[in-house]
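See below for the structure under consideration.
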Amino acid sequence: MAGPAKQAKPVAGTLPVARVAVDIALAHLDRPFDYLVPERLAQSATAGCRVRVRFAGQLVGGYLLERVTSSEHPGRLAALQRVVSHEPVLSPEIAALAREVADRYAGTMADVLRLAIPPRHARAEAAAPRPEPGHRAPDDPPAGSVTPRGEPGDRPAATPRGEPGDRPAATPRDGPGDLPAAPPPPPGPWARYAAGEAFLAALADGKAPRAVWSALPGSHWPGEIARAAAATAAGGRGTLIVVPDGRDLDQIDAALGDMLGPGRHVTLAADLGPAERYRRWLAVRRGAARVVAGTRSAMFAPVSDLGLVVIWDDGDDLHAEPRAPYPHAREVLALRAHRLGAAALIGGFARTAEATSLVASGWAVAVTAPRHVVRDHAPQVQATGADAELARDEAARSARLPSLALRTARDGLSRGPVLIQVPRRGYVVAIGCERCRERARCRTCGGPLALEQAGGAVRCRWCGTGDAAWRCSRCGHPRVRALMTGAGRTAEELGRAFPAVPMLTSGGAETIPAVPASPALVVATPGAEPGAEGGYAAAVLLDGWVLLGRPGLRAAEEALRRWMNAAALVVPAAAGGAVAIVADAGFPTVQALVRWDPVTHSERELSERTELRFPPAVRMASVTGPAEGVRALLDAASLPGQAEVLGPVPGGYASPDSPPGAPGDPAEQVRMLVRVPRPAGPALARALHDAQAVRSARKDAGGVRVQLDPPELI
């Protein structure tokens with residue numbers, strides 16, 4: 001006997017269909033799905049809120065994009081199960097941006113939204129202050145009202161080069177948390193740059209200048225960024241600042257507090273903890289704060305009335321997201337500025353080829369200081385491999401600590417602290433036979449052997465197995481020598497050379513935030529150099545060949561970036577500041593540091609990459625995975641006619657020191673590259689996305705990673 005008929009639940013009388021972005025990162029399901037809105041959820045199911053829906057028999061999360069009157073789906077629609085939170089966490093601007101980022105990187109919108117919106121914390125959501133009655137957060141622009149799609153740098157800017165944009169000034173708002181109307185700040189240190197004052201004036205007028213900024217050495221850069229944020233606030237708009245790491249964020253936080261006053265900005269970082277991070281993110285979403293600074297995770301922050309995006313040191317690999325679809329913070333911020341007609345500031349001591357390409361295309365203008373100003377602020381830089389040094393010291397080219405390095409350190413210690421930059425952490429990170437120089441390998445797994453400390457046992461860096469009875473496999477000699485020295489061994493050697501001088505080390509988990517102005521030797525790895533009170537008296541950059549000899553497309557660019565970041569901490573030459581770099585003076589990268597000329601170096605890099613057809617002159621995709629999966633994906637992709645397929649090559653991103661079974665292990669994976677001209681980039685991304693959709697729909701075995709414009713190609 002049949003049971004009673006199941007009664008249909010009443011549906012909302014107005015806008016009964018909800019369009020939902022379901023949180024499923026499968027390429028063939030990368031589109032919105034329509035659901036009915038039950039009458040009981042008619043008031044709470046608002047655009048941007050989190051919902052739960054039934055999909056393929058399971059309850060999954062999602063975001064309600066919009067409500068419409070009808071659906072084009074011919075079949076029966078399922079109903080929303082519940083509204084997780086009334087909070088509209090997904091704004092139309094971020095939804096449109098997420099879709100465009102996914103399309104650019106051949107990814108899915110679900111993956112981008114996971115990066116853009118932090119996990120919900122119910123207690124923090126309930127405790128976070130809400131806008132006062134009658135106050136309304138600034139409206140988000142509709143998804144269809146922004147600048148037409150396109151990639152920054154693909155076509156010239158709408159205004160002539162060197163002229164600020166003509167976006168009308170935004171009307172200042174008077175709601176809680178908004179910055180009060182205030183006169184723009186004076187140019188301050190921006191007056192040192194040829195176009196600095198004009199850039200600040202354009203920001204204060206509500207215009208949209210876009211600049212690639214070559215910062216002068218010294219500690220002024222956080223204050224200069226804060227001054228740009230204050231000028232933008234004077235025009236009634238918000239600012240989003242992205243920096244590489246927590247140390248840089250602390251400096252920006254302090255500078256913003258000094259410039260704007262307490263409580264006028266918010267910092268976002270992954271190490272805040274889920275509750276505090278979500279509380280601060282909600283303050284931004286609700287319009288309570290319109291100046292936001294953070295690390296990579298803040299690039300999608302929903303800043304109201306966004307008028308300026310800033311990225312500092314865009315060449316740092318921390319700006320590259322390691323999770324699918326692998327977006328780069330520079331590209332995301334440039335897309336936001338392009339879509340919204342906002343200003344952009346891409347700054348650093350060094351300059352990347354990508355930033356130079358934006359200048360070359362006319363999308364941005366260069367903000368640099370005149371050469372005489374650069375000479376006034378830069379330290380004196382000398383290379384140990386220069387002709388004069390070779391004539392004085394025949395061992396200058398081969399010695400690890402040549403006489404120039406020791407003289408520079410000794411002279412600097414008479415005035416203050418001296419920075420010693422070492423490319424690698426550890427003690428002796430690579431050893432070899434003392435007689436024939438054959439690299440020492442583990443007899444268990446074949447991994448590289450190393451010394452963890454003075455007098456310690458020889459130990460494998462892969463499996464940790466000790467080998468006290470090691471003998472060379474080539475000549476049988478039992479003694480080893482250092483092939484590559486780390487920061488620990490360097491500090492030990494310098495301690496013997498300067499026995500009465502305090503020795504500090506900074507790197508890895510033992511990073512020092514700052515050092516006093518008293519004489520000391522500070523041995524640090526790249527990126528872990530602490531600031532010094534009043535600046536370092538001198539710096540010595542050791543083992544330059546390690547950075548220049550890295551097997552990568554960006555080796556020279558990255559070497560110059562790391563050297564300039566360290567040298568910028570030294571006082572100017574007029575105050576006795578000196579830098580010694582242990583490298584051959586004939587290399588163009590070394591000469592760029594000696595002259596403090598990152599612009600010419602980046603232009604040379606861009607010219608060479610254009611000639612060789614490497615990014616950013618072209619768009620390139622890396623396809624990595626099992627050989628059969630990679631070949632099947634490329635066979636299924638309708639690649640553009642100009643596409644050039646390179647490979648396969650074994651190993652993907654494996655390095656010589658990677659343990660067996662690591663991602664990119666040559667025994668497990670292969671990699672192929674697909675290269676197209678820049679105008680064909682969207683077509684390439686679409687073709688690879690569609691091919692991934694075919695694989696996911698067929699449930700093909702073997703994961704294949706697709707990455708557009710990967711930071712490391714070779």
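- Defined by atom type and a distance below 3.5 Å, a donor-acceptor pair is missing between the side-chain atoms of T267 and D253.
- The backbone N or O of A127 sits nowhere less than 3.5 Å from a side-chain atom of R279 that would complete a donor-acceptor pair.
- Considering only heavy atoms from C-beta on, V60 comes within 4.5 Å of V53 through its side chain.
- A 4.5 Å side-chain heavy-atom check between L90 and L113 finds at least one atom pair inside the cut-off.
- Considering every non-hydrogen atom in both A353 and P616, the closest pair reads O-CG, 3.7 Å.
- Look at D305 and R290 and you find a salt bridge, because one of the NZ, NE, NH1 or NH2 atoms lies within 4.0 Å of a carboxylate O, short of that distance.
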Residue pair V674, L634: steps toward the side chain to side chain contact (heavy atoms under 4.5 Å, CB included) verdict: CA-CA 9 Å; V674 184; L634 292 178; 3.9 Å; yes
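- L29 is linked by a side chain to side chain contact (heavy atoms under 4.5 Å, CB included) to I24, L26, F33, F55, counting only residues two or more places apart in sequence or in another chain.
- With hydrogens and angles disregarded, a donor-acceptor distance shorter than 3.5 Å links the side chain of R237 to the backbone of K207.
- For the pair D709/E354, no side-chain contact is recorded, criterion being any heavy-atom separation below 4.5 Å from C-beta on.
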List the steps, then state whether side chain to side chain contact (heavy atoms under 4.5 Å, CB included) holds for L15 with V37. CA-CA 8 Å; L15 302 176; V37 181; over 6 Å; no
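- For the side-chain contact (heavy atoms from CB on, under 4.5 Å) criterion with F300, the lone passing option out of V112, I117, L268 is V112.
- Judged by distance alone, the side chain of R695 and the main-chain N or O of G702 form a donor-acceptor pair under 3.5 Å.
- Each of R123, E125, H121 was compared with Y278 under the side-chain hydrogen bond (donor to acceptor under 3.5 Å, both in side chains) criterion, and only E125 meets it.
- Here the shortest heavy-atom pairing between P184 and A204 reads CB-CB, 3.6 Å.
- Considering only residues two or more places apart in sequence or on other chains, D30 meets the side chain to side chain contact (heavy atoms under 4.5 Å, CB included) condition with R99, T108, M109, H689.
- Atom CG of L333 sits about 10.0 Å away from atom CG of D314, to the nearest 0.5 Å.
- Within 6.0 Å of CD on E276 lie more than 12 heavy atoms contributed by other residues, nucleotides or ligands.
- Taking every heavy atom of both residues into account, L684 and P640 meet most closely at N-CG, 3.8 Å.
- Ion pair R114/D23 flagged as a salt bridge, since at least one NZ, NE, NH1 or NH2 atom sits closer than 4.0 Å to an Asp/Glu carboxylate oxygen.
- Remark: L80 CG to R82 CZ distance equals 11.5 Å, nearest 0.5 Å.
- Side-chain contact between L340 and E93 is present, with at least one heavy-atom pair separated by less than 4.5 Å.
- Interatomic distance, D316 CG to D245 CG, rounded to the nearest 0.5 Å: 6.5 Å.
- The distance from the CG atom of L203 to the CZ atom of R227 is 13.0 Å, given to the nearest 0.5 Å.
- Contact check for L673 versus S622: side-chain heavy atoms found under the 4.5 Å cut-off.
- Proximity of V694 to H28: side-chain heavy atoms (C-beta onward) are nowhere separated by under 4.5 Å.
- In this structure, T295 and L318 have side chains that are not in contact, with every pair of non-hydrogen atoms separated by 4.5 Å or more.
- The main-chain N or O of V51 is never found under 3.5 Å from a side-chain atom of Q81 such that the two would form a donor-acceptor pair.
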Could you go through I346 and L358, starting from their C-alpha distance and side-chain angles, then the distance that decides it, and tell me whether this counts as side chain to side chain contact (heavy atoms under 4.5 Å, CB included)? CA-CA 10 Å; I346 301 172; L358 294 177; 3.5 Å; yes
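- D34 contributes atom CG, which lies 12.5 Å from atom CZ of R67 (distance to the nearest 0.5 angstrom).
- Closest approach of V243 to H319, counting heavy atoms only: C-CE1, 3.5 Å.
- For the pair R50 and E87, the salt-bridge criterion is not met [side-chain N within less than 4.0 Å of a carboxylate O].
- Between E100 and R104, none of the side-chain N atoms (NZ, or NE/NH1/NH2) sits under 4.0 Å from a carboxylate O, so this pair counts as no salt bridge.
- When all heavy atoms of A202 and P209 are compared, the closest pair comes out as CB-CG, 3.7 Å.
- Counting only N and O atoms by type, the side chains of Q707 and T624 include no donor and acceptor under 3.5 Å apart.
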Does L64 form a side chain to side chain contact (heavy atoms under 4.5 Å, CB included) with R19? I'd like the steps, not just the answer. CA-CA 6 Å; L64 198 158; R19 203 148 281 160; over 6 Å; no
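- A donor-acceptor pair is defined here as one N or O able to donate and one able to accept, closer than 3.5 Å; no such pair exists between the side chain of Y326 and the backbone of P711.
- With rounding to the nearest 0.5 angstrom, the OG atom of S304 is 12.5 Å from the CZ atom of R286.
- In terms of heavy atoms, A47 sits closest to P88 at O-CB, 3.5 Å.
- Side chain of R678 to main chain of R619: no donor-acceptor pair is present (N/O by atom type, distance under 3.5 Å, no hydrogens or angles).
- Inter-residue side-chain proximity for H86 and Q43 is flagged as unmet; no heavy-atom pair is nearer than 4.5 Å.
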